[in-house]
Amino acid sequence: MTADRRLTLHVNGITHSCEVEPRMTLADCLREKLDLTGTHLGCEHGVCGACTVIVDGAAVRSCLMFAVQARDSMITTVEGLAASDTLSDLQQAFHDHFALQCGFCTPGFLTTAEAFLSENPSPTRGEVQSAISGNICRCTGYVPIIDAIVDTAKRRLESGK
Amino acid sequence: MTIPTPYIGTSIKRLEDRRLLTGAGRYIDDVKLPDMAVMAIYRSPYAHARINGIDLAAAKAIPGVIDAFCAADIETDLPAIPLRLAPFDGFERFLQRPIARDKVRYVGEPVAVVIAPDRYTAEDALDLIEVDFEPMTAVTTVDQAAAGETLVHEDAGENMGTSYRVGRGDADRAFTEAPYTRRERFTTNRHSAVPMETRGLIAEFDPDRPLLRLHGATKVNFFNRRHLAAAFGLPEDAVELIETDVGGGFGARGELYPEDYLVPIASRRVQRPVKWIEDRRENLTATNHSRDIVCDLEVASTEDGRILAMRATVQGDMGAYIRTNGGVVASKAAQFLPGPYRVPSFSCEVQFLITNKTPVGTFRGPGRFEANFCRERMLDMVAADLKIDPAELRFRNLMEPAELPYRIGELVPGDVNATFDRGNYSSAFKRLLDQVGYADWKDRQGEIVNRRAYGLGIACFIESSAAGPPETARIIVSADGSIEIRTGASSVGQGTETGLAQICADYLETDINLIAVLHGSTTLVPTGGGTFHSRNTVMAGNAVRMAAETLRSQCIELAALRWNTDSAGLAYQNGAVHRRDDPGTKLSIAELAIFAESRDGEELASDAAFDNEGKLSYSYGAHAALVAIDVATGVIEVEKYVLTEEIGRALNPAMVQGQAVGGLVQGLGGTLLDHMVYDDDGQLLTGSFADYLLPTSTELPDITAIALEQSPSEFNPMGFKGAGEGGIVAVAAAVGNAVVHALKDHNVQINDLPITPDRLRAALRAAGA
Ligand code: FES
Ligand code: FES
């Protein structure tokens with residue numbers, strides 16, 4: 001194998017340094033090297049969305065990106081969505097709407113929704129549905145997830161956040 | 001402290017959520033142990049082949065690889081994976097050993113194992129394993145299996161796992177005399193639970209202690225412990241099964257699989273903890289498939305549509321081996337074929353055929369989903385033949401409250417006492433029809449709006465819950481007033497912690513936030529039943545209630561000791577004991593826990609086990625689907641869906657709703673999308689999420705799920721019935737019927753699942769559309 005590379009990653013406002021093989025995915029790097037295990041792997045081939053993280057503002061499937069490609073980028077994972085011991089408004093809405101059961105898909109939905117809402121702060125319900133159509137949930141039937149995202153968008157608009 | 005009691009019956013927000021929302025959940029792949037290695041499995045690329053040789057040398061030579069092994073390297077002969085459910089005679093000839101020795105029988109069967117420091121290295125090594133396979137003809141259909149030209153297990157001498165006939169009344173006679181009969185063949189598509197988290201295990205095996213600790217276990221840990229202990233020659237208390245957060249079960253996860261043996265063997269060989277995480281491709285070939293049946297169904301009725309008899313042959317495609325779930329799928333399909341209807345005579349031949357595919361097990365609503373599809377499609381055909389409205393036909397045949405309880409007869413061999421408990425099926429059905437506006441729709445079937453044809457389909461179901469062994473609970477109160485519930489039941493992500501805490505909080509009259517629930521692991525309680533068959537709320541729920549009631553009396557006794565008074569003068573209320581004559585004088589449970597501790601270090605704790613003595617509760621209800629079909633493309637949209645389900649009593653209505661909606665959407669997948677497609681060589685063509693399609697957020701109907709609480713179960717004091725499966729069991733039935741109604745002008749019939757645009761177009765083309 002090609003030799004390990006020294007890599008600096010900016011994740012959730014913290015700068016980490018680690019050694020990775022060039023072929024290591026960003027998902028594996030986050031989980032194995034940085035111990036950020038909130039990013040989950042559901043398929044490792046880019047279909048399920050469980051591994052979604054926010055890279056420079058955009059939702060990215062971390063199973064399809066090499067860690068070395070994320071050099072110099074600003075990465076947010078589920079662990080970075082709220083200050084410790086608090087829930088973000090979106091996380092709270094997921095809680096209020098029963099938008100998770102097993103919770104395995106949840107980090108990917110949260111990151112996907114955050115990236116989407118920052119681009120489109122006043123979405124229609126249909127736009128929310130298509131924004132999360134690349135994320136699979138086997139438990140909830142999606143309805144409460146859509147409700148939670150729509151509700152969060154509405155509250156953010158009302159409060160001018 | 002004001003306590004928002006009662007908790008039972010209210011939509012308490014889930015206690016599990018916080019850790020899961022912040023990324024702090026601990027699923028099995030999140031667990032890292034010191035010095036842990038990782039293993040990967042070389043799986044058969046052939047459906048049916050002899051193994052002439054396995055060469056692991058090149059794999060072992062990769063730098064970093066710790067060990068590699070195949071069957072020949074395992075000193076002890078490993079026992080077969082046991083049968084847990086429906087263990088019919090004959091199945092013992094088709095059990096699976098954890099690793100293939102001379103022959104492989106399905107794509108995905110384990111052949112060799114590599115252990116390395118990390119998964120990248122382990123998978124590099126897999127590529128270098130050389131196996132000399134001699135491919136054989138693959139058996140890929142039940143007809144081919146029945147013909148028996150190629151034998152999957154030569155020693156058995158046949159591909160028939162077993163077969164039997166069950167029934168009641170005299171069906172043959174009824175058919176001879178009936179004025180109307182019809183016969184149809186139905187097939188339901190092989191698909192699977194596909195939880196978002198794939199399976200995974202970590203074993204720590206120390207043969208000297210001895211101790212085998214297996215992390216990542218769930219569902220039926222006490223059963224699995226017993227068998228793993230026997231397999232490895234260990235006393236039961238030397239085996240610990242540890243449950244972590246679980247990313248969905250739906251029936252498939254937590255059964256004993258080959259890996260439950262291979263991961264411990266790997267750990268024993270390298271004397272360090274070994275982790276195995278299934279990847280998705282493995283998951284689609286290695287985790288149980290389900291639903292794969294062919295059903296030849298006949299019905300006999302009077303001219304006004306009163307059912308006289310049903311006759312059927314149900315053939316289950318079992319895949320290559322009989323695993324822990326034995327004959328559940330096909331046997332339950334047969335048992336539930338008559339459904340909630342008055343079917344005086346019934347006769348069913350059930351056959352279990354062995355093929356070169358992934359072995360079959362349970363998936364949410366096993367056998368029910370299949371049976372409902374076949375029967376409810378048939379009833380619509382009968383209604384059309386006899387020119388009776390489909391709803392009216394059902395009303396004529398649904399059993400009435402006066403006919404219940406009803407002993408259904410021995411429709412599964414050995415299950416002689418099966419009895420539908422009390423209920424009002426017509427009322428749940430009527431509620432559905434009112435909600436969906438059936439009266440308006442019944443004359444509009446096939447209506448074209450915006451070039452799409454509309455149809456409304458309906459279906460009724462009945463469904464059992466809460467089978468199996470007793471469930472246990474232990475409640476412990478700490479000196480700081482916190483309360484711990486420990487149970488043998490598992491959580492597979494459905495909110496078990498919240499539900500049990502609600503019950504405990506009500507019965508102890510305390511704040512729910514004081515309660516923590518620990519579940520599943522064999523280290524928590526001496527024994528337990530586990531989680532399947534929608535049984536947690538019924539079984540573990542009642543165990544928690546009993547433990548809480550015992551704890552209340554214990555508190556009173558302790559307070560009597562403390563105050564040196566007669567317990568008759570004391571009462572328990574709001575988490576404390578007070579004097580009846582002086583309600584202001586109190587001892588809280590925390591104070592009582594401290595007092596108990598001060599008397600020779602006793603714990604304030606109580607244990608209970610709930611046994612329903614095999615008396616099952618039956619949930620029942622009905623589904624309605626409104627579909628719109630583009631006749632030109634065959635694209636089906638389910639626009640609206642309504643379901644009613646009688647569940648006795650809702651512990652947490654929002655969680656019940658979540659079960660119904662989640663189950664229903666899974667069912668839409670099973671009806672329209674999910675399909676394990678094999679070619680003639682037994683190769684799985686749908687081995688990734690790009691090919692194996694699951695429902696996504698853009699395919700949702702407008703959903704109304706109504707939980708009815710009119711008919712509490714008589715078989716447990718809290719009146720619960722299972723609520724985990726009613727959402728899924730009649731989806732194919734209702735959608736199938738809706739599609740046929742929408743296309744009534746083209747006389748298209750739906751007898752096979754999944755209903756896909758290309759299949760629909762083929763049928764429409766054949767009909768000249
Ligand atoms: S794990 Fe990355 S998309 Fe599924
Ligand atoms: S909550 Fe289980 S997969 Fe979404």
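The basis for the numbers below is simple: all heavy atoms, side chains too, and nothing from hydrogens, waters or symmetry mates.
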- Task: Output yes when a side-chain donor or acceptor of Glu16(B) lies under 3.5 Å from a complementary backbone atom of Thr498(B), and no otherwise.
- Result: yes
- Partners meeting side-chain hydrogen bond (donor to acceptor under 3.5 Å, both in side chains) with Gln666(B) (sequence neighbours left out): Arg364(B)
- Query: By a 4.5 Å heavy-atom criterion (distance strictly below it), what part of Arg281(B) contacts chain A: side chain, backbone, both, or neither?
  - Reply: neither
- Message: Please classify the contact between Leu100(A) and chain B as side chain, backbone, both or neither, with a heavy-atom cut-off of under 4.5 Å.
- Response: both
- Message: Less than 4.5 Å to any heavy atom of chain B: does that hold for the side chain of Ser133(A), its backbone, both, or neither?
- Response: both
- Residue Glu699(B) versus chain A: region with a heavy atom under 4.5 Å: neither
- Heavy-atom pairs under 4.5 Å with chain A are the metric here; pick the option from Gly727(B), Pro63(B), Ser688(B) that has the most. Ser688(B)
- Between chain A and each of Ala24(B), Gly25(B), Gly658(B), count heavy-atom pairs under 4.5 Å; write down the option with the most. Gly658(B)
- Item | Donor-acceptor pair, side chain of Gln502(B) and main chain of Thr10(B), under 3.5 angstrom | yes
- Item | Residue selection (most heavy-atom pairs with chain B, distance under 4.5 Å) from Ile145(A), Ile146(A), Asp96(A) | Asp96(A)
- With a 4.5 angstrom heavy-atom cut-off, which part of Tyr120(B) approaches chain A: side chain, backbone, both or neither? both
- Residues of residues 27-37 of chain A with any heavy atom under 4.5 Å of a heavy atom in chain B: Asp28(A), Arg31(A), Glu32(A), Asp35(A), Thr37(A)
- Message: Pair Thr496(B), Thr531(B) - check side chain to side chain contact (heavy atoms under 4.5 Å, CB included), show working.
- Response: CA-CA 10 Å; Thr496(B) 300; Thr531(B) 296; 5.7 Å; no
- Which bit of Leu21(B) comes within less than 4.5 Å of chain A, counting heavy atoms only: side chain, backbone, both or neither? both
- Please look at Glu44(A) and chain B and tell me whether the side chain, the backbone, both or neither of the residue comes under 4.5 angstrom of a heavy atom of that chain. side chain
- Per-residue tally against chain A (heavy atom, under 4.5 Å) across Asp118(B), Val665(B), Thr22(B) peaks at Thr22(B)
- Item | Interface moiety of Leu110(A) toward chain B, non-hydrogen atoms closer than 4.5 Å | side chain
- Query: About how many Å separate OG of Ser130(A) and CZ of Phe116(A), when rounded to the nearest 0.5 Å?
  - Reply: 6.5 Å
- Heavy atoms only, distances under 4.5 angstrom: which of Asp29(B), Ile703(B), Asp279(B) has the most pairs with chain A? Name it, please. Asp29(B)
- Message: Looking at Asp674(B) and Arg291(B), is there a salt bridge between them, counting it only when a charged N and a carboxylate O are closer than 4.0 Å?
- Response: no
- Query: Would you say Ser697(B)'s side chain and Gln129(A)'s backbone share a donor-acceptor pair under 3.5 angstrom?
  - Reply: yes
- Heavy-atom distances under 4.5 Å only: say whether Val194(B) touches chain A with side chain, backbone, both or neither. both
- Message: Main chain of Ala193(B), side chain of Arg138(A): is a donor-acceptor contact present, judged purely on distance under 3.5 Å?
- Response: yes
- Message: Let's go through Arg18(B) and Gln91(A) carefully: what are the C-alpha distance in whole Å and the side-chain angles of both, what is the deciding distance for side chain to side chain contact (heavy atoms under 4.5 Å, CB included) to 0.1 Å, and is it a yes or a no?
- Response: CA-CA 9 Å; Arg18(B) 196 170 188 90; Gln91(A) 287 166 324; over 6 Å; no
- Task: Can you spot which of Arg253(B), Arg280(B), Arg26(B) makes a salt bridge (Lys or Arg N to Asp or Glu O under 4.0 Å) with Glu197(B)?
- Result: Arg253(B)
- Message: Among Cys139(A), Pro144(A), Ser88(A), which residue has the highest count of heavy-atom pairs closer than 4.5 Å to chain B?
- Response: Cys139(A)
- Message: Could you check whether His623(B) and Tyr641(B), counting side-chain N and O atoms only, form a donor-acceptor pair closer than 3.5 Å?
- Response: yes
- Are the side chain of Thr52(A) and the backbone of Phe109(A) linked by a donor-acceptor contact shorter than 3.5 Å? no
- Task: Name the region of Val661(B), side chain, backbone, both or neither, that has any atom closer than 4.5 Å to a heavy atom of chain A.
- Result: both
- Item | Under 4.5 Å from a heavy atom of chain A, the part of Asp702(B) involved | neither
- Can you say whether Thr25(A) sits under 4.5 Å from chain B via the side chain, the backbone, both, or neither, judging by heavy atoms? both
- Would you mind checking which part of His95(A) comes under 4.5 Å of any heavy atom in chain B, side chain (CB onward), backbone (N, CA, C, O), both or neither? both
- Lys154(A) atom NZ, neighbour heavy-atom count above 12 within 6.0 Å: no
- Item | Nearest non-hydrogen partners of Ala153(A) and Pro121(A), listed with the distance | CB-O, 3.8 Å
- Any sub-3.5 Å donor-acceptor pair from Glu79(A)'s side-chain atoms to Gly38(A)'s backbone N or O? yes
